[in-house]
Amino acid sequence: MMAVAALALRLGARPRPSLILALLVLVVAVAAPGLVARADPLAADPLRALAPPGAGHPLGTDHLGRDVFARVVYGARHSLGIGVLATALAVGVGSLLGLAAGLAARLAGEALARLFDVLSSFPELLLALLVIAITGPGTWNVVAAIGIAQIPTYARVVRAQTFVVRRSGYVEQAVTFGHSRFRVVARHVLPNVVGPVPVLATMGLGQAVIATSGLSFLGMGPQPPAPEWGTMLAESRDYLRVAPWVAFSPGVALTLSVVCLTVAGRHLQRRLEGRTP
C-alpha cells in the first residue's frame with residue numbers, strides 16, 4: 001500500500017486525460033465488461049493452457065486455457081464491485097454512528113468514541129479476517145467484513161466534525177428560533193459534517209479493493225471459477241516460472257486501479273479545499 005501511495009504522489013493531483021480515461025475504463029469494465037472483452041472468462045480450453053500472449057489471447061491463457069484478458073476485465077466487476085459496496089456500507093453506517101456519537105449525551109458519546117478507538121486499534125485486514133472467521137467465506141460476507149473494518153475511520157471523522165458544527169453560530173441560531181432537533185440535524189448539522197467523507201471514501205475505495213483481493217487470495221472471497229483479481233493471483237502461484245503473464249495481468253490491473261482511485265481522491269481533496277488543482 002505504501003508503494004501504491006508513493007506512485008500516486010509522483011503522479012500528482014492534477015487530473016490528466018490518461019487518469020480520466022482509466023477511470024472511465026474501470027466504470028465500463030464494472031458496468032458492462034462485455035463491451036471491453038468479447039471472450040467468455042469461464043470458457044476453458046485445455047489444449048490452449050498457459051498459451052503466451054498472442055493474437056487470439058492478448059494476455060495469454062491460464063492453466064485451464066481461459067482467456068486472461070477476459071478474466072481481468074470481468075474480474076473488475078468482482079474486485080471493484082465488492083470494494084464499492086463495502087465502502088458504501090462503511091460510509092453509511094460510520095457517518096450515522098459518528099453523528100450519533102457527536103450529538104449524544106456525554107456518557108453515550110464517550111462510550112461510542114471508545115468503541116471506535118478499540119476497533120481502530122486493529123488493522124483493517126485483520127478485523128475483516130475476524131469477521132469472516134465468524135461469518136464464513138463468500139462475496140457478501142467479504143462486503144460486510146471490509147465494510148465493518150472501515151466503519152471506525154468514517155465514524156471518527158464525522159464525530160469530530162459534529163463537535164465543531166454543533167457549536168457554530170448558525171446551529172445555535174436555529175435552536176433559538178425553535179426548530180425541532182430533527183430539522184436542525186438534517187438541515188444544518190449533517191450537510192456540514194460530511195464534507196471530508198467523499199475524499200475519504202474515494203481513497204478508502206482503493207484500500208477496500210486491496211482488501212478484497214487480499215481476502216480472495218486467501219480463499220475467502222468469491223469462489224472459483226469466478227474471475228476475481230485476488231483469486232487469479234492465488235491460482236497463478238504455481239505457474240510463475242512458466243507463465244508469468246497469468247499473475248502479471250491481474251497484479252497490474254489491481255495496482256493501476258488503486259493508483260487511479262488514490263489520485264482521484266487527492267484531486268477531489270484539493271478541489272474541496274479550494275486549492276488550484
Side-chain angles (χ1 to χ4, degrees), residues 1 27 30 80-128 130-132 135 139-172 174-175 179-212 258 261-262 264-274:
M1 186 65 190
V27 173
V30 173
L80 297 178
I82 292 175
V84 169
L85 292 176
T87 302
L89 173 64
V91 169
V93 177
S95 297
L96 291 177
L97 290 177
L99 185 66
L103 296 174
R106 182 173 182 179
L107 183 59
E110 286 297 322
L112 285 173
R114 300 293 78 77
L115 175 61
F116 301 154
D117 291 340
V118 171
L119 294 177
S120 298
S121 64
F122 293 93
E124 291 184 1
L125 187 58
L126 179 60
L127 187 58
L130 176 61
V131 174
I132 289 183
T135 61
T139 300
W140 292 107
N141 291 342
V142 170
V143 170
I146 297 175
I148 292 173
Q150 290 191 340
I151 283 175
T153 300
Y154 301 97
R156 296 177 71 180
V157 171
V158 172
R159 176 177 177 268
Q161 290 292 110
T162 302
F163 279 135
V164 176
V165 173
R166 67 182 292 188
R167 295 180 174 85
S168 60
Y170 56 86
V171 172
E172 294 179 353
V175 174
H179 294 169
S180 66
R181 183 179 179 86
F182 176 80
R183 183 177 180 183
V184 171
V185 172
R187 295 192 59 181
H188 301 285
V189 178
L190 183 59
N192 292 286
V193 301
V194 296
V197 172
V199 176
L200 290 176
T202 304
M203 296 183 178
L205 177 56
Q207 297 177 354
V209 171
I210 290 179
T212 299
V258 175
L261 293 171
T262 303
R266 284 174 51 80
H267 170 65
L268 180 61
Q269 181 181 20
R270 292 173 67 91
R271 292 296 299 269
L272 292 177
E273 291 176 353

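In this chain, numbering begins with 1 at the start of the sequence shown. Hydrogens, waters and symmetry mates play no part in the numbers below; they use all other heavy atoms, side chains included.
- For Phe163, the CZ atom sits in a packed shell: over 12 heavy atoms of surrounding residues, nucleotides or ligands are nearer than 6.0 Å.
- Taking every heavy atom of both residues into account, Ala145 and Ile132 meet most closely at CB-CG1, 3.6 Å.
- With rounding to the nearest 0.5 Å, the separation of CG in Leu125 from CD in Gln207 is 11.5 Å.
- Residues Thr202 and Pro198 come closest through the heavy atom pair OG1-O, 2.8 Å.
- Inter-residue side-chain proximity for Leu119 and Ile151 is flagged as unmet; no heavy-atom pair is nearer than 4.5 Å.
- Ser120 meets the side chain to side chain donor-acceptor pair (under 3.5 Å) test with Arg156; sequence neighbours excluded.
- Side-chain contact between Asp117 and Arg114 is present, with heavy atoms from C-beta onward closer than 4.5 Å.
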Donor-acceptor contacts, no H, no angles, side chain residues 84-109, under 3.5 Å, sequence neighbours left out:
unit_1: Thr87; atom_1: OG1; unit_2: Gly83; atom_2: O; d: 2.8
unit_1: Ser95; atom_1: OG; unit_2: Val91; atom_2: O; d: 2.7

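- Across every non-hydrogen atom of Gly204 and Gln150, the tightest pair is O-NE2, 3.2 Å.
- The minimum heavy-atom distance between Val258 and Gly206, with the atom names listed, is CG2-O, 3.8 Å.
- Residue Glu124 comes nearest to Thr153 through the heavy atom pair OE2-OG1, 3.5 Å, listed as atom of the first residue, atom of the second, then distance.
- When each of Ile146, Val143, Thr139 is tested with Thr212 by the rule side chain to side chain contact (heavy atoms under 4.5 Å, CB included), just one qualifies, namely Ile146.
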